[in-house]
Number of protein chains: 2
Amino acid sequence: MDGGVKKPGVTSSEVARRAGVSQSAVSRTFTPGASISPKTREKVMAAAQELGYRPNAIARSLITNRSRIIAVVMAYLENLFYPDVLEELGRLLAKENYRLLLFTGQMDRDSDPVFDQLMQYRVDGIILASTTLSSHLSEECAAAGIPVVLFNRTTERDAVSSVTARNREGGRRIAEFLLAGGHRRFGYISGIESSSTNRDRFAGYQEVLAAAGHDDIVVGVGNYDRGEAEAAAREMFARPDRPDAVFVANDHMAVAVMDVARYEFGLNIPDDLSIVGYDDVGPARWTAYGITTMSQPMKRMVEATVNILMGQISRGEIEAEHRILSGDLVVRTSARLPKSGIVEVDGRRLYKPGKS
Amino acid sequence: MDGGVKKPGVTSSEVARRAGVSQSAVSRTFTPGASISPKTREKVMAAAQELGYRPNAIARSLITNRSRIIAVVMAYLENLFYPDVLEELGRLLAKENYRLLLFTGQMDRDSDPVFDQLMQYRVDGIILASTTLSSHLSEECAAAGIPVVLFNRTTERDAVSSVTARNREGGRRIAEFLLAGGHRRFGYISGIESSSTNRDRFAGYQEVLAAAGHDDIVVGVGNYDRGEAEAAAREMFARPDRPDAVFVANDHMAVAVMDVARYEFGLNIPDDLSIVGYDDVGPARWTAYGITTMSQPMKRMVEATVNILMGQISRGEIEAEHRILSGDLVVRTSARLPKSGIVEVDGRRLYKPGKS
DNA sequence: CTGAAAGCGCTTACAG
DNA sequence: CTGAAAGCGCTTACAG
């Protein structure tokens, strides 16, 4: 399996010989801020050009003890929210001159092979999107001085930072919106029940509904999965006391739930049934769905994630930071409208109670 | 920016000291196949465990001249086909014990910073999904002994391999299907016109239609972009001689085209208009769209890609290979059906002319 | 099977 | 500003 030989690249010594300078001079030429005379630099650059020299990042990493690689662990790529995040993450990390080592899939169990790989490559930071770390693993990162940021999840663990939307408030806002729209019976299709994001969204929703005397939310479990969300929707819509308003924990599932409602149960949305989602991801904006949904400020969330990481890397000190960003309830066509509270901002219709 | 200090990891020397053996013995313990006695190995393992030792992959790469990293350059992540590919790629590469360094965005121009990064990290192979390489850059890879595989594109360039679907045949099949369905006026919404995939799909489509006497295909340019596809569709559907059958170069655009047809022009699909796509990606299967589409055998394509790469890495010899895989025309609800040729295979309805 | 030693391609004090 | 030299953490002939 390792029979072949990759041609070794051009080295700084070869360039040095060609340029008639020391190897150190070559190194300095390619080290921003190193002291080198313009004359030497010029000679080096010329020789490097001729030979097609590129500094070996691997060798540099070994000595600087910095790989300039950030590990990103990401699951649920079939939910377009995450590819969007990945693209933005790639852009911002490149801008900071960092590379992105991608690991797809969850990282749940305690001694994960994925985690082993991360550590072997001496990554400078770890971003976990839609997944968490066991306490054992997060301690290991802290001990190794590697900053960890959870994206779209949060945790109480020391030394693990997080970036999330104001999920609880989002859940509340959705409940207010549906109450104001005159709905009478409420459903919820959950994500993974143990995820902080799901817990917070539901807690907010439940809180406001309970205060309005609605203690009987009909709950189905979707686990952030289309298939499971469909199954949960089927069960929910077949009930004699079918809800007339359902909050689905993310848009990815909401799309599936709408298809079940319309094409399997012949329900008219929003006349028979209102659906509200979360994320404001691509398909939510497609005319066929037009999902009313709590937006997540994806770009700002990614920016905060990179920001936390860069700060901790440069300070060399890891202290958990938790950034919580606000979104808006974007109003489209999947839910009945309240009489008031709808405002238009920058071409989007938002629900801002008390502001119409 | 580089103020902080990452704690250095445990090294093999420290483990050696603790275990009372040489540093070489530690190295051998972690090198599969190296000669080491069970007794020594045990001592080393115990010490490694206590200290939390993990071999430093960076140092190993430096000396073996293999990074075990594959660079993946990918654009169009908002087209779900690519996240699917990415996930599968991650799985297969992990299985082969390779890591995935992701670069998002195109790699068009001649001296790209992305390319520079690839080379600096001494990646063992490069996968370009939905993008190509300039001849200059591909020569540089060949010179460095780094295998390159194009995914979903092809090229004549020496030393650059490719994996594609049988796109020309796919275009033909679609034309046959639409002709058999009794359509009379044909449209095409293209991807990026210079891409091999687009050229081949259109060539096959055109070929069969021309043979049937249809030389007047109405063409709009979508550039694989939702927005542009919508604009192209608007123009096409506003024509007095609006086509009654449109082949859209991929499903990602077909979804947008369907929304325009239905919600902006009030067209009934498939009664007023048949739409056929390409890829068989997630949304094509959603009930709201139910797109009739040429499937791309994504998993087999990814497998072939990894397979080519692994072969060239282990043989140490780079010779362009071109793998071309077949798909099926999956029949759903977005196009009128021919009287015959529809067969059911494994729960999917396919168009196989001459086989009903 | 084992250890001492060389060396991978760099960065970075150190001395000039 | 510049060069000689040490050293980052490993792998791998080499000799025993």
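A quick note: this is a predicted structure, and the numbers were derived from the prediction, not measured. The sequence lines fix the lettering, A, B, ..., with proteins before strands; numbering per chain opens at 1.
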When all nucleic acid strands are considered with a 4.0 Å heavy-atom cut-off, which category describes [X]: base, sugar-phosphate, or nothing?
{"X": "B:Leu62", "value": "base"}
{"X": "B:Thr40", "value": "sugar-phosphate"}
{"X": "B:Ser27", "value": "base"}
{"X": "B:Ser37", "value": "sugar-phosphate"}
{"X": "B:Tyr53", "value": "sugar-phosphate"}

Between A:Asp116 and B:Arg54, is there a salt bridge with N-O shorter than 4.0 Å? yes
Got a salt bridge between B:Lys95 and B:Glu303, using NZ or NE/NH1/NH2 to carboxylate O under 4.0 Å? no
Would you tell me if any nitrogen or oxygen in the side chain of [X] comes within less than 4.0 Å of OP1 or OP2 on [N]?
{"X": "A:Ser22", "N": "D:dT2", "value": "no"}
{"X": "A:Ser24", "N": "D:dT2", "value": "no"}
{"X": "B:Tyr121", "N": "C:dG9", "value": "no"}

Taking the C1' atom in each of C:dT12 and C:dG16, what is the distance between them to the nearest angstrom?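 The answer is 16 Å between these two C1' atoms.
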Evaluate the side chain to side chain donor-acceptor pair (under 3.5 Å) criterion for residues A:Ser37 and A:Thr40: first the C-alpha distance (whole Å), next the side-chain angles of each, then the deciding distance (0.1 Å), finally the verdict. CA-CA 5 Å; A:Ser37 73; A:Thr40 313; 2.7 Å; yes
Sort out the partner of C:dC14 for me: Watson-Crick or G-U wobble, both distances under 3.5 Å, none otherwise.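 Base-paired to D:dG3.
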Take the protein atom [atom1] of [X] and the nucleotide atom [atom2] of [N], then report the distance between them rounded to whole Å.
{"X": "B:Ile58", "N": "D:dC10", "atom1": "CD1", "atom2": "P", "result": "11 Å"}
{"X": "B:Arg17", "N": "C:dG3", "atom1": "CZ", "atom2": "P", "result": "15 Å"}
{"X": "B:Gln23", "N": "D:dT12", "atom1": "CD", "atom2": "P", "result": "12 Å"}
{"X": "A:Ile63", "N": "D:dA5", "atom1": "CD1", "atom2": "P", "result": "16 Å"}
{"X": "A:Lys43", "N": "D:dT2", "atom1": "NZ", "atom2": "P", "result": "8 Å"}
{"X": "B:Met119", "N": "C:dG9", "atom1": "CE", "atom2": "C1'", "result": "16 Å"}
{"X": "A:Arg60", "N": "D:dC8", "atom1": "CZ", "atom2": "P", "result": "19 Å"}

Will you find, in the side chains of B:Ser24 and B:Ser27, an N or O donor that is under 3.5 Å from an N or O acceptor? no
From [options], pick the nucleotide closest to the side chain of [X]?
{"X": "B:Thr64", "options": "C:dG9, C:dT11, D:dT11", "value": "D:dT11"}
{"X": "B:Asn56", "options": "D:dC10, C:dC10, D:dA4", "value": "D:dC10"}
{"X": "A:Arg28", "options": "C:dG9, D:dA4, D:dT12", "value": "D:dA4"}

Mapping B:Ser35 and A:Val10 onto DNA chain C by nearest heavy atom, which one lands closer to the 5' end?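 Its nearest nucleotide being more 5', the pick is B:Ser35.
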Is it the case that more than 12 heavy atoms not belonging to A:Glu50 sit under 6.0 Å from its CD atom?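 Count over threshold, so yes.
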Assess the pair B:Phe30 and B:Tyr53: is the distance between their ring centroids shorter than 6.0 Å? yes
